[in-house]
Amino acid sequence: MVEITDEYRRKLDALYEAFSIVSEDTHVFLCDMKFDYSRWSKELVENFGLPSEYMYEAGKIWEEHIHPEDRKAYSEGIKAIFAGQSDGHDMQYRARRSDGEYDICTCRGIVLYNEEGKPDFFGGAIRNHSQKSHIDILTGLRNQFGFFSDLQSYISSETPVRIIMVGIGKLTEINEVYGYQVGNRLLQTFGRYLMDNVSSRDCTYRLDGACFGIISKNTEEELAKSYEKIRAYFRKGIKVDDLELFVELNAGILSLDEFNTDDQTVYSCLNFSYEESKIHKHGDLVSFRNELTSESRRNLEKLHAIRASISQNFKGFFLQYQPVVDAKTEKIVAAEALLRWKSDEYGVVPPDIFIPFLETDPLFPTLGEWILETAIKDAKKILEHVPQLVININLSYSQMERTDFPDTVCNIINKAGFDPKQLCLEITERCRLLDMDLLRNVIVTLRARGARFALDDFGTGFSSLGLVKNLPFDTIKIDRSFVQQIEQDEREQKLLNNFTDIAGTFGAEVCVEGIETMGMKDIIKDYSVNCFQGYFYSKPLLIDDLLEKIKDGSDCFVSK
Ligand code: C2E
Ligand code: MG
Ligand code: MG
């Protein structure tokens, strides 16, 4: 082996630099053939565990990384190139990364000849098809993978930053009315504007659909001002092609200054703030911190701990069961499973604190399955004493979004040998975030198998009526906020009367939640109400406590 001279090495470097501006998943190599001395891109060296960016006999080293089944073709190609019998190659092979996995790569290389026609350089590019690109093709911004990778670095280096999720409202409508081309141009314009006016290219991300992200060192106040500027700019109308579009935005913000967390938890919390902005705040910037009240300080850490429990075999999660009683006999007819989480550090955490933040998390459906399995297992114990009992289980909209959700439920029921007629799935208004056809399909499929559906917290949102009209519910659960003052407030009595009429029109039963006193019950029992639930009968109980109460012969839960 002849050692390369400084002059040739400089020439190699100069040529390499000229080559090396290519896209993120494509990496350059260049070999000075006289010395068989090469320079390979840093990413290739890191990803595949090569000895160095500069290598003698790089072909032989690389050959070791190529899958044994693809190696012969590669080695013959390289031999022919160095023997002057071939002026390049274009091949696909599997190459072993430093973690032992194989990536599929396409490698194209050509020989460059000197003035005398002798082979001088062999150079080209290797494209790694398995590598997830960090660049969004439409906007040229970093994408979700880039966002997560950067976020991980900020967390591990404990660098405080502010993160904004900002998105275009009604992009779907714009696509439908003006076509996807216009929608795409709008996304490009928006991305460009963010990059030029709020942050640099490096810290602006296209996250998902209409959503963009910004990671910034500016304060929340500064970013809030920037957001209002962008909002005003897009609201007054912008030109896209020949059209003038009036665009509304939504945005959530989160300050990352607690680092005992992970990128997914941060993303879920940010996403929650964004959804709040979209659904309840007409696009005003919603700060994750402001959303939280008394316990705000350690909330991100707590959510991280709760999220981590999902992958630690659901450690800390448990269910309590609250009886539902028949309005006439006051005997238990159903039990609602209510989730809690407990740890030494945080004590018992109620579901309102974590479910809204974690329900869009990719891990949530696994927790949903655990809830179904556990509740059905416990329900079988209650059935030994109350054979007609129905178990009520709350669902999050994100569970139902999965195409295999009906199958998952059926498998769990079949495995447990449970009669689906004794299962009632409760859904809340948040499910209107789902596509209505998808939702109806899930309900119809599972009802055909015998399962029942209840609409929970009826009356608390804008679309209760729409949902009752469009979906077949067996039960409507009237939220406790409508009966809290029923003893003093005649209007609440009238409202309850209307609600029960509506339920009757659509053939659904009525359950009233939040019965706390004898007085409430005595008033409400005169309306067309089928069941009651509330502290007057029983608070949520652990399964053993519930069983004990039932075994004591008190299937009638009237407080003494
Ligand atoms: P929800 O399904 O409407 O459950 C009823 C909530 O009201 C429960 O709160 C229950 O403890 C409370 N409650 C019942 N009776 C009374 C009463 O007389 N007075 C008062 N003040 N409160 C009463 P909890 O257990 O904190 O659950 C809150 C919400 O969290 C639930 O509301 C439900 O939407 C959600 N949730 C609970 N468990 C699960 C679950 O396993 N999965 C899903 N997706 N959501 C759940
Ligand atoms: Mg419920
Ligand atoms: Mg409810």
Just wondering, are more than 12 heavy atoms of other shown residues or ligands nearer than 6.0 Å to [atom1] in [X]?
| X | atom1 | result |
| --- | --- | --- |
| Tyr233 | OH | no |
| Lys415 | NZ | no |
| Arg94 | CZ | yes |
| Glu3 | CD | no |
| Glu7 | CD | no |
| Ile104 | CD1 | no |
| Tyr178 | OH | no |
| Phe145 | CZ | no |

Problem - Lys342/Val349 under side-chain contact (heavy atoms from CB on, under 4.5 Å): CA gap, chis, key distance, verdict - result: CA-CA 6 Å; Lys342 185 173 144 186; Val349 182; over 6 Å; no
Mind checking the [atom1]-[atom2] spacing from [X] to [Y]? Nearest 0.5 Å is all I need.
| X | Y | atom1 | atom2 | result |
| --- | --- | --- | --- | --- |
| Trp341 | Ile310 | CH2 | CD1 | 10.5 Å |
| Ser156 | Leu151 | OG | CG | 9.5 Å |
| Tyr180 | Ile174 | OH | CD1 | 12.0 Å |
| Thr445 | Asp407 | OG1 | CG | 9.0 Å |
| Glu57 | Ile78 | CD | CD1 | 12.5 Å |
| Cys107 | Trp62 | SG | CH2 | 8.5 Å |

Compare every heavy atom of [Y] with every heavy atom of [X], then report the nearest pair and how far apart it is.
| X | Y | value |
| --- | --- | --- |
| Ala125 | Phe29 | N-CE2, 3.6 Å |
| Tyr16 | Ser41 | OH-CA, 2.9 Å |
| Val111 | Gly88 | CG2-N, 4.2 Å |
| Ile371 | Leu319 | O-CD1, 3.9 Å |
| Thr204 | Ile214 | CG2-CG1, 4.5 Å |
| Pro356 | Phe272 | O-CD1, 3.3 Å |

Practice task
Start with the C-alpha gap between Glu228 and Lys225, add the side-chain angles, then the distance that decides, and say whether side-chain contact (heavy atoms from CB on, under 4.5 Å) holds.
Solution key: CA-CA 5 Å; Glu228 287 311 323; Lys225 271 194 201 136; 5.9 Å; no
Are [X] and [Y] close enough that some pair of their side-chain heavy atoms sits under 4.5 Å apart?
| X | Y | value |
| --- | --- | --- |
| Leu439 | Tyr397 | no |
| Ile155 | Leu256 | yes |
| Phe147 | Asp263 | no |
| Trp40 | His27 | no |
| Ile164 | Val198 | no |
| Phe288 | Val266 | no |
| Tyr113 | Asp87 | yes |
| Ile163 | Tyr267 | no |

Exercise for the section: Please work out whether the ring planes of Trp370 and Phe317 are parallel, tilted or perpendicular, with thresholds of 30° and 60°. Expected result: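 Because their plane-to-plane angle lies in the 30° to 60° range, the rings of Trp370 and Phe317 count as tilted.
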Exercise for the section: For residues Tyr193 and Phe234, establish whether the separation of their ring centroids is below 6.0 Å. Expected result: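 Between Phe234 and Tyr193, which both carry aromatic rings, the centre distance is below 6.0 Å.
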Exercise for the section: Compute the centroid of each ring, for His65 and then for Tyr74, and state whether the two points are separated by less than 6.0 Å. Expected result: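 That pair fails the under 6.0 Å test.
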Ignoring hydrogens and geometry, is there a side-chain-to-backbone donor-acceptor pair from [X] to [Y] under 3.5 Å?
| X | Y | value |
| --- | --- | --- |
| Ser98 | Asn47 | yes |
| Thr106 | Gln92 | no |
| Glu248 | Arg235 | no |
| Arg39 | Arg9 | no |
| Arg162 | Asn218 | yes |
| Arg96 | Asp99 | no |
| Arg71 | Ile66 | yes |
| Thr265 | Leu303 | no |
| Asn394 | Ala337 | yes |
| Ser277 | Ser273 | no |

Modelled atom types, side-chain donor and acceptor of [X] and [Y], under 3.5 Å:
| X | Y | result |
| --- | --- | --- |
| Glu369 | Thr408 | no |
| Tyr205 | Asp150 | yes |
| Thr159 | Ser157 | yes |

Exercise for the section: May I have the step-by-step check of side-chain contact (heavy atoms from CB on, under 4.5 Å) for Leu194 and Leu141, ending in yes or no? Expected result: CA-CA 10 Å; Leu194 289 183; Leu141 293 171; 6.0 Å; no
Practice task
Please determine if Lys34 forms a cation-pi arrangement with Phe121, meaning its NZ or CZ atom is less than 6.0 Å from the six-membered ring centre and no more than 45° off the ring axis.
Solution key: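 Positive - Lys34 is close enough to the ring of Phe121 and near enough to its axis.
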Practice task
State whether Glu76 and Lys72 are salt-bridged, where the test is any N-O pair (Lys NZ or Arg NE/NH1/NH2 against Asp/Glu carboxylate O) under 4.0 Å.
Solution key: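 Yes, Glu76 and Lys72 are salt-bridged.
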Practice task
Could you tell me whether Asp284 and Arg231 have a side-chain N and a carboxylate O separated by less than 4.0 Å?
Solution key: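 A salt bridge links Asp284 with Arg231.
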Practice task
Test side-chain contact (heavy atoms from CB on, under 4.5 Å) on Val45 and Ser52 and set out the steps.
Solution key: CA-CA 6 Å; Val45 172; Ser52 153; 5.7 Å; no
Problem - Partner of Val247 by side chain to side chain contact (heavy atoms under 4.5 Å, CB included), out of Ile230, Val240, Leu186 - result: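 By the side chain to side chain contact (heavy atoms under 4.5 Å, CB included) criterion, Val247 pairs with just one of Ile230, Val240, Leu186: Leu186.
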